[in-house]
Amino acid sequence: MPSVFDLAGATYKTDVTLTSFEKLDASAPYDYRELAVILAYHWQLRDHEIIGLGGGQGAGKSTLSDLVKAAAHELGERIIVLSLDDFYLTRTEREQLANEKHALFATRGPPGTHDMKALLHVTNELMAGRSVEIPQFDKGSDERSGTRKVDPPCHRLLVEGWCVGARPQDESALTVPINALERKYDLDGVWRREVNTELADSYAQLLARLDSLVYLRVPDLDSVKRWRLQQEEDRAPGQRKDSEWVARFVQHYQRITEWMFNDTADRADVLVELDQNHRVAALTLR
């Protein structure tokens, strides 16, 4: 019998049974489990094949992705998840980019520090029903850690990453630095213009391939900092970063994160609004 879920004040009917729902990771937040079931069923009904999932650091993209995979399995489908983070350039490649374009490209995160050519290739191979090697990245060591082989079938592909869905800003918006990092290290705007150019190129190619875009909108940048710091607590003590490091690191993401608050939210096919307590406050299915 289909199950009915109540999420953020609305009711959603799905073909995932209550017994199947109970198979999802019980340690994950209840509302994220409900959201995962709703999304898996939503995509199946509309036959969306390539889905993007964007949202600020710490929003819960990885947690939601794992739950969606499990929910899809209960619907008889296999969703493959590609994390944008696994496609970071190696440290050597980023250092070369820093020497050629701007020193800030040595730090992973912003558009330009991902191997988008490889991501688009993997996307094409999976959707063509072929096996493919997918890179893996270890954030603790800030380096690639190998590859994993993924074989078909792939009924749906979910690409998740903090800037998935971001579009370039107008040139006029790049003129004034928005934080201490930009004022100190990018006063002339070279770095942020390069980042914007990347968004207009290979990242736009990915955006064009999406059948659906899901955006997790965090309340504000302070929430991003707080949730990003909480992620550090899950790392080994020797790899754990402190609040000062996180505050500086997030500044690399600030411009696009704040730009996405409205621009991406206005365009997303699915908008998930989170409150200060990391709960789903509202869900919009367009």
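The figures here come from the full heavy-atom set of this structure, side chains too, leaving out hydrogens, waters and symmetry mates.
- Side-chain atoms of Asn196 never come within 3.5 Å of backbone atoms of Pro168 as a donor-acceptor pair (strictly under, hydrogens ignored).
- Between the Asp211 side chain and the Ile50 main chain, a donor and an acceptor come within less than 3.5 Å of each other.
- The pair Asp186-Arg192 meets the salt-bridge criterion, with a side-chain N (NZ, NE, NH1 or NH2) lying under 4.0 Å from an Asp/Glu carboxylate O.
- When the options Glu160, Gln136, Lys61 are evaluated for a side-chain hydrogen bond (donor to acceptor under 3.5 Å, both in side chains) with Ser83, the one that passes is Glu160.
- Here the shortest heavy-atom pairing between Ser131 and Pro152 reads OG-CD, 3.4 Å.
- Once rounded to the nearest 0.5 Å, the distance linking CG of Leu89 with CD of Glu143 reads 10.0 Å.
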- Task: For Leu67 and Thr63, run side-chain contact (heavy atoms from CB on, under 4.5 Å): C-alpha distance rounded to whole Å, both residues' side-chain angles, the deciding distance at 0.1 Å, then the answer.
- Result: CA-CA 6 Å; Leu67 291 168; Thr63 297; 4.1 Å; yes

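- Each of Leu174 and Leu104 belongs to its own hydrophobic cluster when Ile, Leu, Val, Met, Phe, Trp and Tyr are linked at side-chain heavy-atom distances under 4.5 angstrom.
- A single hydrophobic cluster is not seen to contain both Val250 and Trp259; linkage of ILVMFWY side chains at heavy-atom distances under 4.5 Å, directly or through other members, places them apart.
- Taking CZ from Arg183 and CD1 from Ile178, the interatomic distance works out to 9.0 Å, rounded to the nearest 0.5 Å.
- Listed for the Trp162 side chain is no donor-acceptor partner under 3.5 Å among the backbone atoms of Thr257.
- When all heavy atoms of Tyr203 and Cys163 are compared, the closest pair comes out as CE2-SG, 4.2 Å.
- Between Phe137 and Asp86, the shortest heavy-atom distance links the atoms N-OD1, 2.9 Å.
- Separation of atoms CZ (Arg91) and CD (Gln96) is listed at 15.5 Å; rounding is to 0.5 Å.
- Looking only at distances, a side-chain donor or acceptor of Arg33 sits under 3.5 Å from a matching main-chain atom of Ala28.
- The structure places CG of Leu157 at 5.0 Å from OG1 of Thr123, a figure rounded to the nearest 0.5 Å.
- Atoms CD1 and OG, on Ile79 and Ser65 in that order, are 9.0 Å from each other to the nearest 0.5 Å.
- Each of Val176 and Leu181 belongs to its own hydrophobic cluster when Ile, Leu, Val, Met, Phe, Trp and Tyr are linked at side-chain heavy-atom distances under 4.5 angstrom.
- You'll find the side chain of Arg94 reaches within 4.5 Å of the side chain of Asp142, heavy atoms only.
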- Task: Carefully, step by step, assess Arg193 and Glu171 under the rule side-chain contact (heavy atoms from CB on, under 4.5 Å).
- Result: CA-CA 8 Å; Arg193 287 185 174 84; Glu171 185 72 19; 2.7 Å; yes

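- Interatomic distance, CG of Leu207 versus CG of Leu199, reported as 10.0 Å (0.5 Å rounding).
- When every heavy atom of Ala166 is checked against every heavy atom of Ile256, the shortest pair comes out as CB-CG2, 3.8 Å.
- Here the shortest heavy-atom pairing between Val218 and Ala59 reads CG1-CB, 3.8 Å.
- Looking at Asp138, its side chain never comes within 3.5 Å of a backbone N or O of Ser145 through a donor-acceptor pair.
- With Ile51 as the partner, the side-chain contact (heavy atoms from CB on, under 4.5 Å) test is satisfied by one option alone out of Leu213, Leu158, Asp269: Leu158.
- Here Trp191 and Tyr185 keep their ring centres 6.0 angstrom or further from each other.
- Judged by distance alone, with hydrogens and angles left aside, the side-chain atoms of Arg108 form no donor-acceptor pair with the main-chain N or O of Thr113 at under 3.5 Å.
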- Task: I would like to know whether Glu194 and Phe105 meet side-chain contact (heavy atoms from CB on, under 4.5 Å); could you show each step before the answer?
- Result: CA-CA 10 Å; Glu194 286 286 350; Phe105 279 114; 3.7 Å; yes

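- Cluster annotation: Leu97 is not connected to Val190 through the hydrophobic network of ILVMFWY side chains, with a link wherever side-chain heavy atoms come within less than 4.5 Å.
- Taking the centre of each ring, Tyr30 and Phe5 stay at or above the 6.0 Å mark.
- The residue from Val37, Val272, Ile38 that alone fulfils the side-chain contact (heavy atoms from CB on, under 4.5 Å) condition with Leu7 is Ile38.
- More than 12 non-hydrogen atoms from other residues, nucleotides or ligands lie less than 6.0 angstrom from NE2 of His155.
- A side-chain N or O of Gln276 and one of Asp220 form a donor-acceptor pair less than 3.5 Å apart.
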- Message: Applying side-chain contact (heavy atoms from CB on, under 4.5 Å) to Asp115 and Arg144, what does each step give before you reach the verdict?
- Response: CA-CA 12 Å; Asp115 188 345; Arg144 287 222 184 133; 3.7 Å; yes

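- With hydrogens and angles disregarded, no donor-acceptor distance shorter than 3.5 Å links the side chain of Arg228 to the backbone of Ala247.
- Here the side chain of Glu258 pairs no donor or acceptor atom with the backbone of Leu221 at under 3.5 angstrom.
- Under a cut-off of 6.0 angstrom, the local environment of CD in Glu22 is crowded, with over 12 non-hydrogen atoms contributed by other residues, nucleotides or ligands.
- Between the side chain of Asn277 and the backbone N or O of Arg279, no donor-acceptor pair lies under 3.5 Å.
- The ring of Tyr12 has its center no closer than 6.0 angstrom to the ring center of Tyr41.
- Residues satisfying the ring-ring contact (aromatic ring centres under 6.0 Å, His included) test with His278, not counting sequence neighbours, are Tyr32, Trp227.
- The shortest side-chain heavy-atom distance between Tyr88 and Glu93 does not fall under the 4.5 Å cut-off.
- Between His252 and Phe249, the ring-plane angle classifies as tilted under the 30° and 60° cut-offs.
- The minimum heavy-atom distance between Arg255 and Ala173, with the atom names listed, is NH1-O, 2.9 Å.
- No donor-acceptor pair under 3.5 Å is formed between the side chain of Asp170 and the backbone N or O of Ser172.
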